[in-house]
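What you are looking at is a predicted structure, and each value in this text was computed from that prediction instead of being measured.
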2 protein chains.
Amino acid sequence: MTNPLVQKLSSFVDLDEEDVSRVESLCYDVRRFKAKRNLIREGDRPEVVFLLLEGWACRYKVLPNGTRHIMAYLLPGDLCDVHVFILKEMDHSLALLSDAKVAVIPKQKMLGLIEQRPKLARALWWATLVDEAILREWLVNMGKRPAYDRVAHLFVELYLRLRAVGLAPDHSFDLLATQADLGDTLGITSVHMNRTLQKLKGEGLIQSAQGRLRIPDIQRLKNVTRFEENYLHLNRRTA
Amino acid sequence: MTNPLVQKLSSFVDLDEEDVSRVESLCYDVRRFKAKRNLIREGDRPEVVFLLLEGWACRYKVLPNGTRHIMAYLLPGDLCDVHVFILKEMDHSLALLSDAKVAVIPKQKMLGLIEQRPKLARALWWATLVDEAILREWLVNMGKRPAYDRVAHLFVELYLRLRAVGLAPDHSFDLLATQADLGDTLGITSVHMNRTLQKLKGEGLIQSAQGRLRIPDIQRLKNVTRFEENYLHLNRRTA
DNA sequence: CGATAGTTTGATATCCTTCAAAACCTGTGG
DNA sequence: CCACAGGTTTTGAAGGATATCAAACTATCG
């Protein structure tokens, strides 16, 4: 059972033994939390970085009218806010969507790593840029696609990201978000989310049982939403 | 007439003379382009950084069905893709919305500056993080607000950003985007954009004449959309 | 003064929301 | 092992926001 961050970064650069052990040593303070727990809140000043090892988390904002909008999913191997120390305070919150195992990394440790291991620094940069690219793609998803296509798009993305850290064997993965969570992510109500899921199931594009989502034919689901994989920058070889 | 990037960064850190002249020296290759020109296209490999000096530009993607979605506005003083060299290729395009004056900065020059001037590096970091924060806020804007509020939100943001570089005197600024551009930004048709603008004018929340937008009472417009300024991180003092 | 890009208008169709209630799970304590 | 509690999913009916299509109008610029 490899470290998911090692696995993720390996899809971008070749890590040597020293790199791997440095990354693994980031995880000396590992904690288990229950679903719904906040990791950091809007207004807080970040002092640590979180690395998700198991479970899902999300970035979100709560609007004045009380509704919540989710702006990102953090999956195993995802590191949050590597560089956020520069800002005075968080403009959004981070919470767990499921029970989770999280490594808590002190800011100094993180900065040290970046300074001493240029190759890792580069790989972390890559991860940060991909996060931003995902944000842009989500914006397009919300702006230009109807609910049905939007859901399809999100599922394909989740599948690809989870597969990159070995968590989507057999064309399926554990869906650790509720329909309400998904709705808050895609800007639709949970009611409409539900009906949309039923439609996708009806078409045989997805299957689900006890919280596990199966995508029998990825290509078909990609076609629904005209999924373009380039924004995930998963294809090796760079500079 | 100060350099807009100097002006922008100054709202985050105090720059000394050397910093200022270093930033200014980035602009030794300044070009004028006509509206609609692409600066860089999806699939290209970035080799230079652009700094907008006058006019507006945008990041956008074109979907398979031919429609365009705008994911960011670049205003004077905005630098694009300071760190993008890490990625293999662009996952979106950059184009001018208006006639513009642009400084073209070679990658090496940019990297050198970051290496030699930590304070500037930090300030550029800040700018990058703010860009990302804007992206998140836009996502919320699209996901959770009706068209009317969305437009109000965008206008308040543009006003604040332009004011930060001295381009919004007298509660007004040049609106260098068409209604179709605005629609493509907010995920609504240009038809609906038009009707929404009429409503905002009708309520006296905005005024416009020969391409200049006036916001007689910012606070009122902010109230419409419950605008929370924190995501722009304009308030000084950090570490 | 004509050409072209941008704005405005009207009528109709559709997607999605809202509100409310019922049905379904899953874990917990008796 | 059953029963209950709380969260989650599912269903229905009706209303509202926004899209679509097509055409007219208005600027602006060479």
Side-chain angles (χ1 to χ4, degrees), chain A residues 34-37 56 63 65-70 95-99 141-154 174-202 206-213 224-225, chain B residues 34-37 56 63 65-70 95-99 141-154 174-202 206-213 224-225:
Chain A
K34 300 299 285 177
K36 303 214 168 160
R37 179 183 167 114
W56 292 12
L63 304 203
N65 67 16
T67 64
R68 170 188 67 156
H69 193 87
I70 292 177
L96 297 178
L97 289 169
S98 71
D99 292 354
N141 205 25
M142 303 269 310
K144 283 284 179 315
R145 286 192 263 256
Y148 182 82
D149 300 25
R150 243 182 265 179
V151 175
H153 191 281
L154 178 60
D174 285 321
L175 184 59
L176 300 180
T178 65
Q179 294 182 12
D181 293 335
L182 295 170
D184 284 348
T185 307
L186 296 174
I188 60 187
T189 59
S190 62
V191 170
H192 195 59
M193 184 73 213
N194 182 274
R195 299 200 232 260
T196 305
L197 285 174
Q198 286 178 49
K199 202 167 164 203
L200 283 164
K201 282 178 200 161
I206 60 172
Q207 299 163 353
S208 73
Q210 65 258 12
R212 200 161 172 89
L213 191 87
V224 164
T225 189
Chain B
K34 301 299 285 176
K36 304 214 168 157
R37 183 189 163 109
W56 291 13
L63 303 204
N65 67 15
T67 64
R68 169 189 68 159
H69 193 88
I70 292 177
L96 298 179
L97 290 169
S98 70
D99 290 354
N141 203 27
M142 303 268 311
K144 283 283 180 316
R145 286 191 263 258
Y148 182 81
D149 299 26
R150 242 182 265 179
V151 175
H153 191 281
L154 178 61
D174 286 321
L175 183 60
L176 300 180
T178 66
Q179 294 182 10
D181 293 334
L182 295 170
D184 284 348
T185 307
L186 296 172
I188 59 187
T189 59
S190 63
V191 171
H192 196 59
M193 185 72 213
N194 182 276
R195 300 200 232 260
T196 305
L197 286 174
Q198 287 179 49
K199 202 167 164 202
L200 283 164
K201 282 178 198 162
I206 60 171
Q207 299 163 354
S208 73
Q210 63 259 10
R212 200 161 172 88
L213 191 87
V224 164
T225 188

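Rounded to a whole Å, the CG atom of A:Asp149 is 17 Å from the P atom of C:dT14. For B:Leu176 and C:dG6, the CG to C1' distance is 15 Å, given to the nearest whole Å. Between the CD atom of A:Gln210 and the C1' atom of D:dT8 there is a distance of 16 Å, rounded to whole Å. As rounded to whole Å, 12 Å separates atom P of D:dT9 from atom CD1 of A:Ile206. For the pair A:Leu175 CG and D:dT9 C1', the computed distance is 13 Å after rounding to whole Å. The interatomic distance linking B:Lys199 (NZ) with C:dT8 (P) rounds to 16 Å, in whole Å. With rounding to whole Å, A:Lys34 atom NZ is found 12 Å from C:dT26 atom C1'.
Salt bridge status for A:Asp181 with A:Lys36: absent, with no side-chain N to carboxylate O gap under 4.0 Å.
Using modelled atom types, no side-chain atom of B:Asp174 and backbone atom of B:Leu176 make a donor-acceptor pair closer than 3.5 Å. Remark: side-chain polar atoms of A:Lys144 are not paired, donor with acceptor, to backbone N or O of B:Gly187 under 3.5 angstrom. B:Thr67 places no side-chain N or O within donor-acceptor distance of the main-chain N or O of B:Leu63, the cut-off being under 3.5 Å.
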In B/S/- notation, 5' to 3', how is nucleotides 10-20 of chain D contacted by protein heavy atoms closer than 4.0 Å? SBBB----SSB

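Paired with A:Leu182 under the rule side chain to side chain contact (heavy atoms under 4.5 Å, CB included), one option of A:Val151, A:Leu175, A:Ile70 passes, and it is A:Leu175.
Contact annotation: A:Lys36 reaches the phosphate of D:dT8 (side-chain N/O to OP1 or OP2, under 4.0 Å).
A heavy-atom distance below 4.5 Å is not found between the side chains of A:His153 and A:Asp149.
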